[in-house]
Amino acid sequence: MTDTNTARTIVGIIGNVIAFGLFSAPIPTMVKICKMKSVSEFKPDPYVATVLNCMMWTFYGLPFVQPDSLLVITINGAGLVMELVYVVIFFIFATSPVRKRITIAMVIEVIFMAVVVFCTLYFLHTTKQRSMLVGILCIIFNIIMYASPLTVMALVIKTKSVKYMPFFLSLANFMNGAIWIVYACLKFDLYILIPNALGCLSGTIQFILYALYYKTTNWSDDDEDKEKSNLNAEIELSQA
């Protein structure tokens, strides 16, 4: 048992490092957006969805919900801060319709999280009950986080270009899912296992798209990027 716990801790630490890489992967994209002063065709969906995902997992890892889950709290707490920064950057450089949708999505997420916290603490009195409810919700929203790139994948297929699907974000998604699968199996945790297995699948699909459309991608940066930014008015945050 001691060896299993030690192994789980080591894997969890590795998972924290890789997950930090996942949360850090959008930084080059954010730098590019700031330089262009436009979000162009980059999508805010993954970042908005991940904010709620991080809130849910941070709550799940608290001792009065799921004991012995400190490593879940540390990485998701850090991720929450980083994703909020990304959402703010998108908000600053997005068009008015997209700003409105981001605002509505964020308000809904905060209200929803407050309701979850209240119901969990007020109506459920054991860690088993609380971890079950919050764990199920975490599965749902982790799936949403991994599914949110579907809007970007659709754009890749439509344009035959992977320019707006950052490779390192896809790689970090895949590696993050893989390491947390190992973590979940060492001390069986179905709530961590299911969404991360789907995360690996999502990453695999993105790799396939890269292989198919990398050669047909036009990597040049020109004024066309700014013109395309108007298309973001049509973005729908269906995952929020």
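- Although no hydrogens or angles enter the test, the distance criterion places no donor-acceptor pair under 3.5 Å between the side chain of Ser40 and the main chain of Phe42.
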| query | Would Val51 and Tyr86 satisfy side-chain contact (heavy atoms from CB on, under 4.5 Å), going step by step from the backbone distance to the final call? | reply | CA-CA 10 Å; Val51 166; Tyr86 301 152; over 6 Å; no
Under 3.5 Å donor-acceptor pairs involving side-chain atoms of residues 130-138, not counting sequence neighbours:
{"unit_1": "Arg130", "atom_1": "NE", "unit_2": "Leu124", "atom_2": "O", "d": "2.8"}
{"unit_1": "Arg130", "atom_1": "NH1", "unit_2": "Phe64", "atom_2": "O", "d": "3.1"}
{"unit_1": "Arg130", "atom_1": "NH2", "unit_2": "Leu124", "atom_2": "O", "d": "3.1"}
{"unit_1": "Ser131", "atom_1": "OG", "unit_2": "Thr127", "atom_2": "O", "d": "2.8"}
{"unit_1": "Ser131", "atom_1": "OG", "unit_2": "Lys128", "atom_2": "O", "d": "3.1"}

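- Closest heavy-atom contact between Tyr183 and Ile192: CE2-CD1, 3.9 Å.
- Tracing side-chain contacts under 4.5 Å through hydrophobic residues (I, L, V, M, F, W, Y), one reaches Val65 starting from Tyr191; they form part of the same cluster.
- Note: the hydrophobic cluster containing Leu52 does not contain Ile111 (ILVMFWY, side chain heavy atoms under 4.5 Å, direct or indirect links).
- Partners of Phe20 by ring pair (Phe, Tyr, Trp, His ring centres under 6.0 Å), not counting sequence neighbours: none found.
- Under the ring pair (Phe, Tyr, Trp, His ring centres under 6.0 Å) criterion, Phe59 pairs with no residue, sequence neighbours left out.
- Side-chain N or O atoms of Ser69 include none that pairs as donor or acceptor with a backbone N or O of Val72 at under 3.5 Å.
- Val88 and Val110 sit in two unconnected hydrophobic clusters of ILVMFWY residues. Membership requires side-chain heavy atoms under 4.5 Å apart, directly or through other members.
- By the ring pair (Phe, Tyr, Trp, His ring centres under 6.0 Å) test, Tyr122 pairs with Phe118, sequence neighbours left out.
- Note: Asn196 CG to Leu193 CG = 8.0 Å, rounded to the nearest 0.5 Å.
- When all heavy atoms of Gly15 and Ile179 are compared, the pair lying nearest together is CA-CG2, 3.6 Å.
- Of the possible donor and acceptor atoms, none in the side chain of Asn53 sits under 3.5 Å from a partner among the backbone N and O of Ala49.
- Side-chain contact between Val115 and Phe112 is absent, with no heavy-atom pair separated by less than 4.5 Å.
- Counting non-hydrogen atoms of other residues, nucleotides and ligands closer than 6.0 Å to CE of Met82 gives a total above 12.
- Looking at heavy atoms from C-beta onward, Thr95 lies in side-chain contact with Val98 at the 4.5 angstrom threshold.
- With contacts defined as side-chain heavy-atom distances shorter than 4.5 Å, the pair Pro44/Val87 does not qualify.
- No donor-acceptor pair closer than 3.5 Å links the side chain of Asn76 to the backbone N or O of Met55.
- In plain terms, the two heavy atoms of Asn176 and Ala19 that are nearest each other are OD1-CB, 3.1 Å.
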| Trace of the side-chain hydrogen bond (donor to acceptor under 3.5 Å, both in side chains) decision for Tyr47 with Glu83 | CA-CA 6 Å; Tyr47 313 109; Glu83 295 298 327; over 6 Å; no
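- For the atom pair Thr58 OG1 and Met56 CE, the distance stands at 10.0 Å (nearest 0.5 Å).
- Side-chain contact check for Met30 versus Phe90: some heavy-atom pair is nearer than 4.5 Å.
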| field | Full working for side-chain contact (heavy atoms from CB on, under 4.5 Å) between Gln66 and Asp189 | value | CA-CA 11 Å; Gln66 177 73 321; Asp189 190 327; 3.6 Å; yes
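- Rounding to the nearest 0.5 Å gives a distance of 8.5 Å between CD1 of Ile33 and CZ of Phe93.
- Considering only heavy atoms from C-beta on, Val48 comes within 4.5 Å of Glu109 through its side chain.
- Atoms CH2 and CD1, from Trp180 and Ile14 in turn, are 10.5 Å apart once rounded to the nearest 0.5 Å.
- When hydrophobic clusters are built by joining Ile, Leu, Val, Met, Phe, Trp and Tyr residues whose side-chain heavy atoms come closer than 4.5 Å, directly or via intermediates, Phe91 is not grouped with Val107.
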| Where do Ile181 and Cys200 land on the side-chain contact (heavy atoms from CB on, under 4.5 Å) test, with the steps shown first? | CA-CA 9 Å; Ile181 286 174; Cys200 276; 3.8 Å; yes
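- Sorted by first and then second residue, the side chain to side chain donor-acceptor pair (under 3.5 Å) pairs involving residues 22-31 (not counting sequence neighbours) form an empty list.
- The nearest pair of heavy atoms linking Pro195 to Trp57 is CG-CZ2, 4.2 Å.
- In plain terms, the two heavy atoms of Lys160 and Thr216 that are nearest each other are O-OG1, 2.5 Å.
- If you take CD on Gln129 and OG1 on Thr120, they are separated by 10.5 Å, rounding to the nearest 0.5 Å.
- Here the shortest heavy-atom pairing between Tyr213 and Val162 reads CB-CG1, 4.0 Å.
- Leu70 and Tyr60 fall into different hydrophobic clusters, where Ile, Leu, Val, Met, Phe, Trp and Tyr side chains are chained together by heavy-atom contacts under 4.5 Å.
- Here the CD1-CD1 distance, from Ile75 to Ile73, works out to 12.5 Å after rounding to the nearest 0.5 Å.
- Residues meeting the side-chain contact (heavy atoms from CB on, under 4.5 Å) test with Ile104, sequence neighbours left out: Lys100, Ile108.
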